[in-house]
Undergrad: 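Mind having a look at this structure? Questions to follow.
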Amino acid sequence: MMLEEKVKLIAQDLGFDDCKFTRAKEASHSQEFQKWLDENKNGDMEWMENNPERRKDPRLLLQGASTVIVLALNYFPIDKGVSNKSGIGRFAKYAWGNDYHDVIDKKLKNFAKALEELGGEQRFYVDYGPILERDFATDAGVGWNGKSTVQIHPKLGTWFFLAELVTTLDLNPDQPMPNRCGSCTKCIDCCPTDAITAPNIMDPRRCISYFTIEHKGSIPLEFREPIGDRVFGCDDCLEVCPWNRFANASKEVKFAVREFVDMPLINFLELNERDFRDLFRKSPVKRLGRERFLRNVCIAIGNSGKEKDIPHLRKALNEESELIREHAQWAIDAIKSRSSIVHK
Ligand code: B12
Ligand code: SF4
Ligand code: SF4
């Protein structure tokens, strides 16, 4: 069996949905990335500024790096209608199950061990690593970077994670595929905050995913209403993508839908630190922390709640955190101003 086939078999055995190879070389859009940094589009994500040269070129990650192995893992959950009930906040689908970092990290460790036996030395990454994952995914022919900047796979659509192993093994590269967005602009048109400023250019400082997951402080007033009932991430530019018509449910049991996805928003206001940690154990939401999560919950109640929710928000006005108090007050005012319009 050829080395390439052996590696693809390892990926399949570990449950990955796709595995492709490309050369370890400077990322094809390293200049665009530098421009993005120079324009401070990383916002609060200061960690993106750390050693940008390394992020642009995987040869700086491992001496003798020859190949980038790019992996795709489907996370599409079976939707039981959870996202449509009133009084329930919306979590991005990628967070409906257990934290993908932990799930994929385990698989990558085993992958690296198997490659060692084939004579390779490697570093592996999923999300947190200093590598432009979508550039290498495109070069390897996993899919193409859609106008939303999300990588589209011809069979999985938008609903998959990326992971990479940078290895000294010399593997024959796969062929990139053409960009198949065509004249479609659905993702650009649907974005509630106009964060996709041009095809393939997204400004995180306008993105709901950024505000609800990465942003540390108070949410700027102009973005609070467009956030709607979202409490963690945003899927709008993914949901509308026509390439999702082929998507099937993920086979990974650890991505099975967790109970918190279906919990009434007001119940989240009752969580103390320990309850929060217990409820979101092994979930990516845990890393957000209770304070920022309740900030998001207040906005979602402010946008979708009713007068009966006001007493719950009033309780939140006694929180120690100024961040929570300020967002709870905003939510009370938003509900009141809506109901005064209705009563007029
Ligand atoms: C920072 C980050 C974010 C930020 C910024 C996103 C962004 N678009 O930059 C925020 C918090 C907003 C975010 C949101 C989301 N993220 Co995120 N994120 C990342 C992270 C850590 C870095 C991305 C990055 O380098 N951004 C900098 C910009 C410049 O790079 P880029 O968007 O990848 O753009 C490249 C191309 O677009 C290209 N390019 C630029 N200009 C042009 C012009 C033309 C004409 C062309 C052809 C190409 C091109 O060059 C750029 C550099 O390579 C990656 C993991 C990683 N290490 O790569 C995950 C990652 C991109 N995120 C992921 C996910 C799942 C999401 C969300 C779907 C989560 C959610 N539902 O809320 C959203 C999607 C929002 C969106 N439209 O992108 C997945 C995406 C998987 C996929 N199928 O694409 C990744 C790969 C994590 C993973 N390992 O699976 N994310
Ligand atoms: S994740 Fe939401 S806010 Fe961000 S670019 Fe996509 S649609 Fe716009
Ligand atoms: S919605 Fe349309 S333009 Fe956007 S990524 Fe999907 S196919 Fe491309």
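Both ligands and their constituent atoms are indexed starting at 1 by order of listing. For clarity, every value in this text was computed on a predicted model and none was experimentally measured.
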Undergrad: For ligand 1, indicate whether the residue Glu32 contacts it via side chain, backbone, both or neither (heavy-atom separation under 4.0 Å).
TA: side chain

Undergrad: In ligand 2, which numbered atoms sit nearer than 4.0 Å to a non-hydrogen atom of Thr193?
TA: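 This gives 3 (S) as the contact atoms.
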
Undergrad: Please answer whether the main-chain N or O of Asn74 pairs with a side-chain N or O of Ser250 as donor and acceptor at a distance below 3.5 Å.
TA: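 Checked: pair present.
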
Undergrad: Less than 4.0 angstrom from a charged side-chain N to a carboxylate O is my criterion; do Glu46 and Lys216 meet it?
TA: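 Between Lys216 and Glu46 there is a salt bridge, with a charged N closer than 4.0 Å to a carboxylate O.
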
Undergrad: Number the atoms of ligand 1 from 1 as they appear, then name those within less than 4.0 Å of a heavy atom of Ser148, with their elements.
TA: 76 (C), 77 (N), 78 (O)

Undergrad: Report yes or no: does Lys254 contribute a side-chain atom to a donor-acceptor pair with the main-chain N or O of Gly97 at less than 3.5 Å?
TA: no

Undergrad: With a cut-off of 4.0 Å, which atoms of ligand 2 are near a heavy atom of Asp236?
TA: 7 (S)

Undergrad: Is any NZ, NE, NH1 or NH2 atom of the basic residue among Arg325 and Glu322 found under 4.0 Å from an Asp or Glu carboxylate oxygen of the other?
TA: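 Salt bridge present between Arg325 and Glu322.
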
Undergrad: Drop me the distance from Phe136's CZ to Leu132's CG, to the nearest 0.5 angstrom.
TA: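 Spacing of CZ (Phe136) from CG (Leu132) equals 6.5 Å.
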
Undergrad: Considering the heavy atoms of Thr158, write down every atom of ligand 1 situated less than 4.0 Å from one of them.
TA: 83 (N)

Undergrad: Using a 4.0 Å heavy-atom cut-off, say whether Tyr128 meets ligand 1 through its side chain, its backbone, both or neither.
TA: neither

Undergrad: Got a salt bridge between Asp235 and Arg230, using NZ or NE/NH1/NH2 to carboxylate O under 4.0 Å?
TA: no

Undergrad: What protein heavy atom is closest to atom 6 (Fe) of ligand 2, reported as residue, atom name and distance in Å?
TA: Cys237 SG, 2.4 Å

Undergrad: Judged on heavy-atom distance to atom 12 (C) of ligand 1, which of Glu214, Arg230, Arg206, Met202 sits nearest?
TA: Met202

Undergrad: Quick test of your reading of the structure: of Cys181, Ala137, Ser30, Ser209, whose heavy atom lies closest to atom 14 (C) of ligand 1?
TA: Ser209

Undergrad: Among Glu239, Glu164, Gln151, Lys41, which one puts a heavy atom closest to atom 82 (C) of ligand 1?
TA: Gln151

Undergrad: Show me which atoms of ligand 1 lie under 4.0 Å from any heavy atom of Gly129.
TA: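 Answer, ordered by atom number: 57 (N).
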
Undergrad: Would Asp229 and Arg90 pass as an ion pair if we require N to O under 4.0 Å?
TA: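 So Asp229 pairs with Arg90 through a salt bridge.
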
Undergrad: Can you pull out the closest protein heavy atom to atom 36 (C) of ligand 1? Residue, atom name and distance to 0.1 Å, please.
TA: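 Answer for atom 36 (C) of ligand 1: Asn145 ND2, 3.4 Å.
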
Undergrad: Listed by chain and number, what are the side-chain contact (heavy atoms from CB on, under 4.5 Å) partners of Ile310, not counting sequence neighbours?
TA: Glu307, Arg314, Ile332, Ile335, Lys336

Undergrad: Taking 4.0 angstrom as the limit and counting only heavy atoms of Ile152, give me the atoms of ligand 3 inside it, by number and element.
TA: 5 (S)

Undergrad: Nearest protein heavy-atom contact for atom 3 (S) of ligand 2: which residue, which atom, what distance?
TA: Ile208 N, 3.2 Å

Undergrad: Which of the atoms in ligand 1, numbered in the order shown and given with their element, are less than 4.0 Å from a heavy-atom of Pro204?
TA: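 Those of ligand 1 that fall under 4.0 Å from Pro204 are 5 (C).
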
Undergrad: How far is atom 8 (Fe) of ligand 2 from its nearest protein heavy atom, and which residue and atom name does that atom have?
TA: Cys191 SG, 2.3 Å

Undergrad: Less than 6.0 angstrom from the centroid, inside 45 degrees of the normal: does Arg258 satisfy that with respect to the ring of Trp96?
TA: no

Undergrad: Pick one of side chain, backbone, both or neither for how Asn179 approaches ligand 1, counting any non-hydrogen atom pair under 4.0 Å.
TA: neither

Undergrad: Parallel, tilted or perpendicular for Phe232 and Tyr94, by the 30°/60° rule?
TA: tilted

Undergrad: Does Ala27 come within less than 4.0 angstrom of ligand 1, counting non-hydrogen atoms of the residue?
TA: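 For ligand 1, residue contact (heavy atoms, under 4.0 Å) with Ala27 is absent.
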
Undergrad: Which of these, Asn42, Asp203, Thr212, Asp127, has its nearest heavy atom closest to atom 87 (C) of ligand 1?
TA: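 When every heavy atom of Asn42, Asp203, Thr212, Asp127 is considered, Asp127 comes closest to atom 87 (C) of ligand 1.
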
Undergrad: What protein heavy atom is closest to atom 4 (Fe) of ligand 2, reported as residue, atom name and distance in Å?
TA: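 Protein heavy atom at minimum distance: Cys207 SG, 2.4 Å.
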
Undergrad: Check each heavy atom of Cys237 against ligand 1 and say whether those closer than 4.0 Å belong to the side chain, the backbone, both or neither.
TA: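 Cys237 to ligand 1: side-chain contact only, backbone stays beyond 4.0 Å.
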
Undergrad: Is Arg23 paired with Asp170 through a side-chain N to carboxylate O contact shorter than 4.0 Å?
TA: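 Salt bridge flag = yes for Arg23 with Asp170.
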
Undergrad: Taking 4.0 angstrom as the limit, do Arg224 and Glu326 come out as a salt bridge?
TA: yes

Undergrad: Examine ligand 1 and decide if any of its atoms is less than 4.0 Å from a heavy atom belonging to Met48.
TA: yes

Undergrad: With heavy atoms of Ile201 as the reference, note each atom of ligand 1 found under 4.0 Å away.
TA: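 Under 4.0 Å from Ile201, ligand 1 has these atoms: 41 (N).
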
Undergrad: Ligand 1 versus Phe161, non-hydrogen atoms closer than 4.0 Å: side chain, backbone, both, neither?
TA: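 The answer is both, backbone and side chain.
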
Undergrad: Short question: side chain of Asn303, backbone of Ile299 - any donor-acceptor pair under 3.5 Å?
TA: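 Such a contact is found between Asn303 side chain and Ile299 backbone.
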
Undergrad: Considering only heavy atoms, does Ile131 approach ligand 1 within less than 4.0 Å through its side chain, its backbone, both, or neither?
TA: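 The answer is the backbone.
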
Undergrad: Identify, by atom number and element, the atoms of ligand 1 in contact range of Gly233, meaning under 4.0 Å from any of its heavy atoms.
TA: 72 (O)

Undergrad: Taking atom CD of Glu53 and atom CG of Asn50, what is their separation to the nearest 0.5 Å?
TA: 13.0 Å

Undergrad: Charged N to carboxylate O below 4.0 Å: is that the case for Lys155 and Asp18?
TA: no

Undergrad: Using modelled atom types and a 3.5 Å cut-off, is there a donor and acceptor pairing between side-chain atoms of Ser148 and backbone atoms of Cys187?
TA: no

Undergrad: Checking contacts here: is it the side chain or the backbone of Cys234 that comes within 4.0 Å of ligand 1, counting heavy atoms only? Could be both or neither.
TA: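 Under 4.0 Å from ligand 1, Cys234 contributes backbone atoms alone.
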
Undergrad: State whether Arg205 and Glu39 are salt-bridged, where the test is any N-O pair (Lys NZ or Arg NE/NH1/NH2 against Asp/Glu carboxylate O) under 4.0 Å.
TA: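 Looking at Glu39 together with Arg205, the answer is no, because their closest N to O distance does not fall below 4.0 Å.
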
Undergrad: Relative to the heavy atoms of Phe160, which atoms of ligand 1 are at a distance of less than 4.0 Å?
TA: 81 (C), 82 (C), 83 (N)

Undergrad: Which residue supplies the protein heavy atom nearest to atom 2 (Fe) of ligand 2, what is that atom called, and how far is it?
TA: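 Looking at atom 2 (Fe) of ligand 2, the protein heavy atom closest to it is Cys234 SG, 2.3 Å.
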
Undergrad: Taking 2.8 Å as the upper limit, name the protein N, O or S atoms near atom 2 (Fe) of ligand 3.
TA: Cys184 SG

Undergrad: So, are Asp139 and Arg134 salt-bridged, with charged N and O less than 4.0 Å apart?
TA: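 Answer for the salt bridge query: no.
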
Undergrad: Pick, from Glu39, His215, Arg134, Lys35, the option with the minimum heavy-atom distance to atom 8 (N) of ligand 1.
TA: Arg134

Undergrad: Is it the case that ligand 1 has an N or O less than 3.5 angstrom from some N or O of Thr149?
TA: yes

Undergrad: Below 4.0 angstrom, N of the basic side chain to O of the carboxylate: do Glu239 and Lys93 qualify?
TA: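 Salt bridge between Glu239 and Lys93, a charged N being under 4.0 Å from a carboxylate O: yes.
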
Undergrad: Look only at the side chain of Thr167 and the backbone of Thr67, and say whether a donor-acceptor pair between them is shorter than 3.5 Å.
TA: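 A pair under 3.5 Å: no.
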
Undergrad: Walk me through it: do Leu9 and Met1 pass the test side-chain contact (heavy atoms from CB on, under 4.5 Å)?
TA: CA-CA 10 Å; Leu9 212 56; Met1 201 192 283; 3.8 Å; yes

